[in-house]
Asks: 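Got a structure for you, written out below as structure tokens; questions coming shortly.
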There are 2 protein chains.
Amino acid sequence: MEQAILAAAEELFLDRGFALTSTVEIAKKAGCNQALVHYYFRTKENLFQAIFARKIKMFMTALTSMDQLDLPFEKALEYIIQAHFDVLASNPRLPFLILNELTTNPKRIEALKDILQNEIDLRPVMHMQALLDQEIRKGTVRPTTMMDIAMAMAALNVMTFVARPIICGVLDISDDDYQEMIAHRRQENVAIILRSIRP
Amino acid sequence: MEQAILAAAEELFLDRGFALTSTVEIAKKAGCNQALVHYYFRTKENLFQAIFARKIKMFMTALTSMDQLDLPFEKALEYIIQAHFDVLASNPRLPFLILNELTTNPKRIEALKDILQNEIDLRPVMHMQALLDQEIRKGTVRPTTMMDIAMAMAALNVMTFVARPIICGVLDISDDDYQEMIAHRRQENVAIILRSIRP
DNA sequence: AGGTTATTTAATAGGGCTATTAAATGTCAA
DNA sequence: TTGACATTTAATAGCCCTATTAAATAACCT
């Protein structure tokens, strides 16, 4: 039942965020009494943090555990951008939850910092930075930074999923059309970034 | 006092969204009794919609009221991207509010559709589309669509401001550094898009 | 001033929420 | 079987919230 509560809470939190999800709803979805939620997690805040931390860790790990370290820079970059995109596609509501919580609740920032500092292996990032610097020296890539590239990647990929309600709502397109658009963006976002770093 | 309530509500809604803002807080910030909020707007929902509609209208109008219709395509695009960026810089919390409300409350989508259909002049967009098609025929721009370009622009510009809590929180940088980063992104986002449409 | 309307306040109904508590039920080993 | 412990439930305290109502105050017109 503890697992059922976690699963129900995860779904609801991802759907509606912390503030709009009540422990009563979580209990109903998990199929138990509302007091049980508090028996296992004492507070709604605890329950949320457990899920939030787990999700962020999963997300960051998926990004930094890279098995393409031997690829040349452009290929590696393409691989990373698409890996990032794919994690988002499997967790389309996660970026919104993260943005939402970090924006409305300063407390969450500490949690995020902790995870980033203690749980994430940054060596792959360093490796990419080194490859990039090499390319710049060779003149095959214009002078730029991994920070800039990462910003562009995050922006383009995340917005694809965060903007879904706007896109689907305003253009009212079918689910098939949306899937097609997703596939298109997966290619397009890579293309934009690769072109943007040309000398 | 009605204006004071509107102003207070706008600030609080932008800060914390609809659900996390109470009419009591609004009243306190406006310097009046909480019942007065309901006297003027009957419901919190009404008050929110008034503000939300006004903000979206302002935002969309700033984007589509373009005075650079005689510029060549690339110059016009650069102008638009920076205009978009500047509206966001003046309303840094607006995109988050829009995303937040459209994501958590389907009702808002109707409001948005209404505004887009009735209040926004789409001729400048058509004009840009025509210029783009011309460039593509000439071969000076790779085959693409205004939709793709707009997505990239929105993603890059919006993320600059939406991600502020993450960037400032994780990297803990000073306000000056942040301002510098903003200025950098204003250039960079243009550069990325212009490079991304090269043949 | 006196009357009418607009504005503002105090008080409160009514509802949902989190968290706690005490009691009931299940589990399982000795 | 019984005792100890884990799980689950019902009930409720205590908050904060929205919205309403009735009464008080201000503003304005004649």
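Letters A, B, ... mirror the listed sequences (proteins, then strands); counts begin at 1.
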Asks: Restricting to side-chain contact (heavy atoms from CB on, under 4.5 Å), what partner residues turn up for A:Glu45, sequence neighbours left out?
Replies: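 A:Glu45 satisfies side-chain contact (heavy atoms from CB on, under 4.5 Å) with A:Phe18, A:Thr43, A:Gln49, A:Lys107, A:Arg108 once adjacent residues are dropped.
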
Asks: Using the salt bridge (charged side-chain N to carboxylate O under 4.0 Å, His left out) criterion, which residues pair with B:Arg54? Sequence neighbours excluded.
Replies: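 Counting only residues at least two positions away or on another chain, B:Arg54 forms a salt bridge (charged side-chain N to carboxylate O under 4.0 Å, His left out) with B:Glu10.
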
Asks: Give me each pair satisfying ring pair (Phe, Tyr, Trp, His ring centres under 6.0 Å) with a member in residues 133-180 of chain A, each pair once, sequence neighbours excluded.
Replies: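 Non-adjacent pairs meeting ring pair (Phe, Tyr, Trp, His ring centres under 6.0 Å): A:Phe85-A:Phe161.
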
Asks: Quick one: list whatever passes side-chain contact (heavy atoms from CB on, under 4.5 Å) with B:Ala30, sequence neighbours left out.
Replies: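 Partners of B:Ala30 under the side-chain contact (heavy atoms from CB on, under 4.5 Å) test: B:Ala4, B:Ile5, B:Ala8, B:Cys32.
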
Asks: Does anything in residues 9-24 of chain A come within less than 4.0 Å of DNA chain D? Heavy atoms only, and list the residues if so.
Replies: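 The stretch gives none, as no residue of it lies under 4.0 Å from the strand.
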
Asks: Would you jot down, in residue-number order, the residues of residues 39-49 of chain A having a non-hydrogen atom under 4.0 Å from DNA chain D?
Replies: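 Those residues whose heavy atoms fall under 4.0 Å from DNA chain D, taken from residues 39-49 of chain A in numerical order, are A:Tyr39, A:Tyr40.
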
Asks: Are any protein N/O atoms closer than 3.5 Å to N/O atoms in nucleotides 24-27 of chain D? If there are, list each pair with its distance.
Replies:
none

Asks: 5' to 3' on DNA chain C, which nucleotides open and close the contacts with chain B (atom under 4.0 Å from a heavy atom)?
Replies: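 Boundary nucleotides touching chain B, in 5' to 3' order, are C:dA6 to C:dA10.
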
Asks: Side-chain atoms of residues 191-199 of chain B: list all donor-acceptor pairs with protein atoms under 3.5 Å, sequence neighbours left out, distances to 0.1 Å.
Replies:
residue	atom	partner	partner atom	Å
B:Arg195	NH1	A:Arg198	O	2.5
B:Ser196	OG	B:Ile193	O	2.8

Asks: Please enumerate all residues that pass side-chain contact (heavy atoms from CB on, under 4.5 Å) together with A:Thr140, with sequence neighbours excluded.
Replies: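 For A:Thr140 the side-chain contact (heavy atoms from CB on, under 4.5 Å) partners, ignoring immediate neighbours, are A:Glu135, A:Lys138.
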
Asks: Could you check whether any side-chain heavy atom of A:Tyr40 comes within less than 4.5 Å of a side-chain heavy atom of A:Leu47, counting everything from C-beta outward?
Replies: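 Sidechains of A:Leu47 and A:Tyr40: no contact.
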
Asks: Picking from A:Asn157, A:Thr160, A:Val190, what satisfies side chain to side chain contact (heavy atoms under 4.5 Å, CB included) with A:Arg185?
Replies: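 Passing option: A:Thr160.
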
Asks: Is the backbone N or O of B:Val24 less than 3.5 Å from a side-chain atom of B:Lys29, with the two atoms forming a donor-acceptor pair by type?
Replies: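 Between the backbone of B:Val24 and the side chain of B:Lys29 there is no qualifying donor-acceptor contact (under 3.5 Å).
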
Asks: Using the test salt bridge (charged side-chain N to carboxylate O under 4.0 Å, His left out), find all partners of B:Asp15 that sit at least two apart in sequence or belong to another chain.
Replies: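 Per chain and number, B:Asp15 pairs via salt bridge (charged side-chain N to carboxylate O under 4.0 Å, His left out) with B:Arg93.
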
Asks: Which residues pass the side-chain contact (heavy atoms from CB on, under 4.5 Å) test with A:Ile109, sequence neighbours left out?
Replies: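 Expected list: A:Leu102, A:Lys113.
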
Asks: Do the non-hydrogen side-chain atoms of A:Ile166 and B:Thr103 ever get within less than 4.5 Å of each other?
Replies: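 No; the side chains remain at least 4.5 Å from each other.
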
Asks: Using whole Å, what does the distance between atom P of nucleotide D:dA19 and atom CG of B:Leu36 come to?
Replies: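 Atom-to-atom, B:Leu36 to D:dA19, this comes out as 15 Å.
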
